[in-house]
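Chain letters run A, B, ... following the sequence lines, proteins first and then strands; every chain starts at 1. Just so it is clear, the structure is predicted and the values come from calculations on it, not from any experiment.
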Amino acid sequence: MTERPVLAVIGAGPAGLAAALAAAARRVHVVLVDSAAEPGGQFYRQPARRLGARRPQALHHQWRTWERLSEGLVAHLAAGRVTHLSDHHVWCVERESDGRKTTGFTVHALLGPEQERSVAVRADGVLLATGAYEKVLPFPGGTLPGVVTAGGAQAMLKGGLALPGRTAVVAGTGPLLLPVATGLAAAGARVTALVESADPRDVARRARGLAAQPAKLTEAAGYAVRLARHRIPVMARHTVLEAHGRDRLESVAVAALDTEGRAVPGTERRLTCDTLAVGHGLLPHTDLAEGLGCRLDGPAVQVDEEQRTDVPGVWAAGETTGIGGAGLSLAEGHIAGRSAAAHLYGTAPDPGEWAAAARSRTRLRAFFAELDGAYAAPVRWTERLTDATVVCRCEEVTAGAVREAVGALGAGDLRTVKLLTRAGMGWCQGRMCEPGVAGIADCELTPGRRLLARPVPLGVLAAPPEPRRRPGEPTSPR
Amino acid sequence: MNPLDLARARPGTPFTVTFDGREIEALPGQTVAAALWSAGVTSWRTTRGAGRPRGVFCGIGVCFDCLVTVDGRPGLRACLVPAVPGADIRTQEGTGHDD
Ligand SMILES: Cc1cc2nc3c(=O)[nH]c(=O)nc-3n(C[C@H](O)[C@H](O)[C@H](O)COP(=O)(O)OP(=O)(O)OC[C@H]3O[C@@H](n4cnc5c(N)ncnc54)[C@H](O)[C@@H]3O)c2cc1C
Ligand code: FES
């Protein structure tokens, strides 16, 4: 028997799972590397096994799709066609070459939640399916305990069956706020408002393409029903001005927005709450792609019709290539997995074989492009920040410090602002504060250029290279 | 309704951990952050500069706001680290090192 080529799929969300199943079914050995304890990614995040959830589907949508994915994964794992490396945080993917062409890749991952030891995995091809993280714009009081990201509240609920408090306000902008508000309410939180800065009429007008998307219409109607059932008032064209509290969140001030994005005088209201779940959209994880030298298209990894990046042997699928929800991630993952399988065997794939997935990819990309326009982040939010508002949570850099760097010191780009203020130089490597800093400084949100996708302990960097083994078996940790 | 009932969870036997010396109950499989949230605790770190309280923000290991000291080891992300029986969880002040 000839040795199967090895494809490292990084990320076990909808995109990575669809890719792994497609490639494994075509005689490729897949090493599925993911930082979480269980497969599923953000959309299908599973409760920790030992919590013994007998009805996890109560926390989820589109459960049938998940069953299909997880059954497929279990079958491939049992047959030895897929190796799943959970609790592996990839910090770098190295490309190897013989001087002329790429000969393979080494995936370096830190183990477990402690992340002090690293292992290396050899592969012939790499498929990046690392998804996205949340964008949260700063506001006064935004660092008070009890203020969490919308997706974070959802992740803690789905994974740990835990709620941060009893009375929640869900705020910001974007389609993610809907499942978060209804999810928290279903789990027993009192959700006193869904504060959305976009105008629902605008969303509807823009998404006229909806008519051609019956599934999306049904989904939207489903949320409307659930919002009503849980009696969650929707405050459209409203924003959170400030979070109040001494050592933890006690209330939020909200106000209506006029068409220019200014708070309408006299509409301000205080909402008592112990939880604020806030989000302003998602940003693709692109560090591993950048480290490999893949070209980006704006904030996302650029791919061709087959989901190939411009670096030979590297594919990308799902939200790392642009935000578009779980359905789009599935379609892209499927195409990427099939393309990778063909090329790893040195053959050209026949795109006709994935025509159905390509059609849903086209449809969903168009749909999200429209939606994105309607849900554009609130304008004029920077005017509502006081000089004391913390912008960089790690380094405790204030809006005032950023303004000074731009005004008095003349910084004109994100990098200079960072160097002058230390904003973005902390543990999160700027992921949390970059959109905020760029907005205040009124400069472009350039990709972070993080050399390493995770902060790596010095001991790991200083150690000699890990011995490498095939096929896809990790080396022993050090 | 609560999340455990919603998902019809039948967790293993609860165990005890301590938070700043106080005993709290945790469930097998929960992270330190989930256990603390379930006990009504939302902050377990004070910042290096202004000494302000922090807890979970992103919930998925990206923001590093939830750093905590467990069994003497500072700088662990509470949203990733599982709670284990008898864990000595402590509020982390600054970097958690004597500096
Ligand atoms: C916190 C959060 C919660 C969300 N909740 C919902 C929701 O409830 N409903 C909804 O419709 N949409 C939700 N979304 C949107 C979500 O992004 C999409 O619905 C969908 O999950 C995208 O699929 P994906 O496969 O592209 O990426 P993901 O599902 O994000 O999967 C990516 C996987 O890659 C892993 N990963 C990333 N970087 C690395 C690395 N360096 N090393 C190892 N593994 C890595 C991640 O742990 C994750 O498992 C959420 C997004 C976020 C950020
Ligand atoms: S809450 Fe963000 S890293 Fe734990």
Side-chain angles (χ1 to χ4, degrees), chain A residues 35-37 42 45 47-59 87 89 112-115 133-134 136 143-149 151-165 185-188 247-249 274-275 285 390 393-396 426-428 431-432 455, chain B residues 1-14 26-68 70 73 75-84 95:
Chain A
S35 52
Q42 305 302 351
R45 182 178 288 273
R49 203 159 286 197
R50 291 196 302 153
L51 284 168
R54 287 170 302 150
R55 198 177 55 173
Q57 59 269 42
L59 306 158
D87 275 320
H89 300 249
E114 295 85 7
Q115 301 190 17
Y133 60 99
E134 262 177 303
V136 182
T143 57
L144 281 169
V147 178
V148 296
T149 70
Q154 183 82 327
M156 292 281 293
L157 172 58
K158 285 180 176 176
L161 303 182
L163 289 173
D247 287 328
R248 62 154 302 147
L249 180 69
D274 57 18
T275 302
H285 272 302
V390 172
R393 308 173 67 90
C394 300
E395 296 293 313
E396 300 170 77
W427 275 99
C428 85
R431 287 188 183 84
M432 291 295 126
Chain B
M1 185 55 78
N2 68 53
L4 292 159
D5 289 346
L6 177 68
R8 287 221 208 108
R10 220 187 253 162
T13 318
L27 296 174
Q30 275 184 329
T31 58
V32 165
L36 290 171
W37 270 16
S38 301
V41 180
T42 49
S43 69
W44 47 81
R45 175 170 88 93
T46 55
T47 59
R48 266 173 308 162
R52 296 294 296 153
R54 296 280 177 90
V56 164
F57 185 58
C58 77
I60 59 166
V62 176
C63 75
F64 290 78
D65 241 6
C66 66
L67 297 180
V68 70
V70 181
R73 279 187 49 197
L76 295 175
R77 277 168 283 176
C79 70
L80 298 181
V81 183
V84 294
T95 59

Closest contact, heavy atoms only, [X] versus [Y]:
X      : Y      : value
B/W37  : A/L163 : CE3-C, 3.4 Å
A/L161 : B/P3   : O-CB, 3.4 Å
B/D5   : A/R55  : O-NH2, 4.1 Å

Residue among [options] with most heavy-atom pairs under 4.5 Å to chain A:
options                    : value
B/V62, B/V70, B/L76        : B/V62
B/M1, B/R73, B/R10         : B/R10
B/G55, B/G12, B/C63, B/S38 : B/C63

Do [X] and [Y] come close enough that some side-chain heavy atom pair is under 4.5 Å?
X      : Y      : value
A/W427 : B/D65  : no
A/H89  : B/L80  : yes
A/R50  : B/Q30  : no
A/T149 : B/F57  : yes
B/V56  : A/M156 : yes
A/R45  : B/I60  : yes

When heavy-atom pairs shorter than 4.5 Å are enumerated against chain B, which of [options] gives the highest number?
options                       : value
A/A162, A/S35, A/P164         : A/P164
A/V147, A/L51, A/L249         : A/L51
A/A187, A/G152, A/C394, A/A37 : A/A187

For A/M432 and B/C58, run side-chain contact (heavy atoms from CB on, under 4.5 Å): C-alpha distance rounded to whole Å, both residues' side-chain angles, the deciding distance at 0.1 Å, then the answer.
CA-CA 9 Å; A/M432 291 295 126; B/C58 77; 4.3 Å; yes

Does any heavy atom of chain B fall under 4.5 Å from the side chain of [X], the backbone, both, or neither of them?
X      : result
A/P47  : neither
A/R393 : both
A/A155 : side chain
A/Q115 : side chain
A/Q57  : neither

Can you tell me if [X] uses its side chain to pair, donor with acceptor, with the backbone of [Y] under 3.5 Å?
X      : Y      : answer
B/R77  : A/P113 : no
A/E396 : B/A50  : yes
A/R54  : B/R8   : yes

Please look at B/A35 and chain A and tell me whether the side chain, the backbone, both or neither of the residue comes under 4.5 angstrom of a heavy atom of that chain.
neither

Atom CG in B/L6, atom CG in A/L157: separation rounded to 0.5 Å?
7.5 Å

Interatomic distance, A/T143 atom OG1 to B/R54 atom CZ [nearest 0.5 angstrom]
4.5 Å

